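Only a predicted model underlies this, so the values are computations on that prediction, with no experimental measurement involved. Letters A, B, ... mirror the listed sequences (proteins, then strands); counts begin at 1. Hydrogens, waters and symmetry mates are skipped; everything else that's a heavy atom, side chains included, is used.
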Protein chains: 2
Amino acid sequence: MPLSAQEIERIHELPLFSGLSPDGLRDLLSVAAVRVHGKRKTLFLQGDPATHFFVVLSGWVKLYRLRPDGAEVVVEIFGAGESFAEGAMHMPEGYPVSGEMVEEGRLLEVPTAAFGERVRQNPDLAISMLASMAVRLKSFVNRIEKAETQTAAQRVADFMLKFSRQDRPEDKGVVVRLPYDKQLIANRLGMKPETLSRALSALRKQGVHVDGARAEIRDLPALKRFTAPG
Amino acid sequence: MPLSAQEIERIHELPLFSGLSPDGLRDLLSVAAVRVHGKRKTLFLQGDPATHFFVVLSGWVKLYRLRPDGAEVVVEIFGAGESFAEGAMHMPEGYPVSGEMVEEGRLLEVPTAAFGERVRQNPDLAISMLASMAVRLKSFVNRIEKAETQTAAQRVADFMLKFSRQDRPEDKGVVVRLPYDKQLIANRLGMKPETLSRALSALRKQGVHVDGARAEIRDLPALKRFTAPG
DNA sequence: CGACCAATTGAATGTGTTCAACCCGTGTGG
DNA sequence: CCACACGGGTTGAACACATTCAATTGGTCG
């Protein structure tokens with residue numbers, strides 16, 4: 001199942017590929033593969049040589065680390081329209097994390113060798129890549145700040161806000177669909193599943209009502225205020 | 001006080017500049033400035049346009065965020081021989097953190113405009129920069145993992161180990177000098193000063209004896225073991 | 001129906017924070 | 001030269017938040 005024209009367009013709009021001409025992109029895509037992976041499929045393991053980086057076309061992917069004691073630390077989760085592991089191509093020690101499908105989905109898999117070659121020959125592409133990594137860097141800074149200053153409930157609220165596209169700004173309320181199971185959300189937010197469960201209960205006082213994967217936020221601005229410290 | 005030959009050599013050995021020829025480096029340095037800053041001097045504020053990036057020649061610099069409630073989150077601390085804020089040049093929103101001198105020191109200040117120009121014209125330099133940002137990215141992943149899985153005492157032990165250069169591998173013990181004041185260390189490790197103080201006391205059981213800024217590690221391998229989970 | 005797994009809830013525990021008191025070295029002004 | 005204030009650091013006690021362990025619910029798949 002190759003790429004649809006619409007998908008190619010969306011890929012071109014990714015920051016990472018904005019430095020490519022339409023021809024350049026087509027050329028790059030000719031050496032890339034589109035593959036479907038089932039749930040729980042391992043894409044790569046920490047330490048593997050970084051032979052590919054990825055673009056999520058559909059489904060969800062988690063990047064995680066396994067600690068010696070078996071505990072899993074989820075570093076990031078990516079969904080449709082996001083690229084990941086592109087930074088690893090400049091890490092001689094290989095991927096710094098392991099990658100696994102969370103839900104069945106399609107991935108664009110780009111060989112790092114071919115991409116690196118083009119980066120070398122196309123300064124605009126190099127700049128795009130730098131910008132893309134700068135964005136990631138900044139998101140890590142955000143994460144560190146949040147992990148260190150927010151309570152569990154605040155982090156959960158923050159997480160839900162990220163998934164709430166406010167279609168009609170005149171409404172203060174909105175319904176959010178939690179995109180993957182709660183264990184994964186908990187891990188991504190640096191807490192235990194029990195803590196997430198309790199945090200969701202606690203958010204009822206903030207006008208958040210959760211039933212399964214469906215979450216209803218009654219007052220978006222109020223929740224946003226709850227997120228901030230002080 | 002311009003750069004000494006030795007300093008220029010050390011700058012050239014930085015990953016960030018390894019993509020430059022000796023002439024290229026000289027050329028770049030001709031547009032850079034060396035400045036001395038006193039303790040507590042603000043270098044830039046979060047949101048400021050990223051006009052420069054920096055190399056620490058001597059002293060210490062902290063990068064931090066100020067939360068609305070006035071709390072300060074220290075994101076990173078850099079010392080002699082390290083570059084910082086180079087990633088900000090690709091962030092249209094400006095520096096993602098604020099920067100301040102911790103101790104008096106000398107900085108090499110490189111204008112981003114001039115550097116960006118050279119990145120555009122020199123693919124090797126672009127690659128160096130990508131590699132440099134990849135290293136930073138990985139260090140953030142490490143930090144997230146540590147923050148989420150280690151106790152305060154373990155993080156403190158880990159911190160001291162980073163500063164313990166093991167001169168003679170036949171010795172199991174070593175003396176470490178804490179490089180800056182404990183409030184800053186505490187903040188950098190995501191804990192309160194009181195907690196750091198208690199953690200240092202607790203480490204006595206692991207053969208760590210602290211007096212002021214002088215810390216003695218009696219059994220390096222044992223402390224390393226203590227750092228790991230499980 | 002029964003087994004299993006995700007999710008929830010309760011109770012006990014643990015780790016770190018908060019608030020307060022105190023020590024100590026340094027620097028300042030009388 | 002001494003008295004005193006100040007800031008960094010330490011320590012104690014009470015508290016808050018999250019984890020752990022255990023029990024229970026509810027849904028899904030066999």
Side-chain angles (χ1 to χ4, degrees), chain A residues 39-40 60 62 67 69-74 102-103 146-160 177-206 208-215 226-227 229-230, chain B residues 39-40 60 62 67 69-74 102-103 146-160 177-206 208-215 226-227 229-230:
Chain A
K39 188 168 175 166
R40 300 217 137 266
W60 295 95
K62 74 172 172 189
R67 304 237 56 187
D69 63 353
E72 182 181 291
V73 179
V74 174
V102 169
E103 305 287 351
K146 279 168 188 164
E148 287 191 358
T149 61
Q150 292 181 322
T151 66
Q154 286 174 319
R155 296 203 299 278
V156 172
D158 199 75
F159 176 83
M160 288 193 300
R177 180 146 278 287
L178 301 182
Y180 26 77
D181 70 50
K182 298 190 183 175
Q183 298 184 65
L184 183 56
I185 296 176
N187 198 333
R188 166 55 238 273
L189 296 177
M191 65 187 76
K192 302 292 162 190
E194 295 95 321
T195 304
L196 172 60
S197 188
R198 284 184 239 274
L200 287 172
S201 306
L203 285 177
R204 243 196 310 274
K205 279 201 284 290
Q206 312 298 330
V208 176
H209 293 250
V210 182
D211 180 44
R214 182 185 175 281
F226 170 76
T227 289
Chain B
K39 188 168 177 168
R40 299 217 139 266
W60 296 94
K62 74 172 174 190
R67 304 237 54 184
D69 63 353
E72 182 181 292
V73 179
V74 174
V102 169
E103 305 288 351
K146 279 168 187 162
E148 286 191 359
T149 61
Q150 292 180 323
T151 65
Q154 286 175 320
R155 296 202 301 277
V156 173
D158 199 74
F159 176 83
M160 288 194 299
R177 180 145 278 289
L178 302 182
Y180 26 77
D181 70 49
K182 299 190 181 173
Q183 299 184 64
L184 183 57
I185 295 175
N187 198 333
R188 164 57 238 273
L189 295 177
M191 65 188 75
K192 300 294 161 189
E194 296 95 322
T195 304
L196 171 61
S197 189
R198 284 184 240 273
L200 287 172
S201 307
L203 285 177
R204 244 197 309 274
K205 280 201 284 291
Q206 312 298 329
V208 177
H209 293 250
V210 182
D211 179 45
R214 180 184 175 283
F226 170 76
T227 289

**Request:** List the protein contact pattern of nucleotides 23-30 of chain D with one symbol per nucleotide (5' to 3'): B for base contact, S for sugar-phosphate-only contact, - for none; contact means a heavy-atom distance under 4.0 Å.
**Result:** --------
**Request:** Could you run through nucleotides 8-21 of chain D and give me one letter per nucleotide, 5' to 3': B if any protein heavy atom sits under 4.0 Å from the base, S if only the sugar-phosphate is that close, - if neither?
**Result:** SSSBBB----SBBB
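Heavy atoms only, all atoms of each residue included: B:V156 and B:A199 are closest at CG2-CB, 3.9 Å. Considering all non-hydrogen atoms of both residues, B:N187 and A:E148 come closest at O-OE1, 4.2 Å. The two residues A:M160 and A:A215 make their nearest non-hydrogen contact at SD-CB, 4.0 Å.
Within the model, atoms CG of B:L200 and CG of B:L178 stand 7.0 Å from one another, a figure rounded to the nearest 0.5 Å. Of the inter-residue distances, the one linking B:F226 atom CZ with B:K205 atom NZ reads 9.0 Å to the nearest 0.5 angstrom. With rounding to the nearest 0.5 angstrom, the NZ atom of A:K192 is 13.0 Å from the CZ atom of A:R198. Taking NZ from A:K39 and OH from A:Y180, the interatomic distance works out to 13.5 Å, rounded to the nearest 0.5 Å.
The main-chain N or O of B:R214 is never found under 3.5 Å from a side-chain atom of B:D211 such that the two would form a donor-acceptor pair. Panel note: side chain A:Q183, backbone A:P193; no donor-acceptor pair is recorded below 3.5 Å.
When side chains are defined from C-beta on, B:K182 counts as touching B:V210, because their heavy atoms get closer than 4.5 Å.
Taking 4.0 Å as the cutoff to heavy atoms of chain A, we find the contact window on DNA chain C bounded by C:dA6 to C:dA11.
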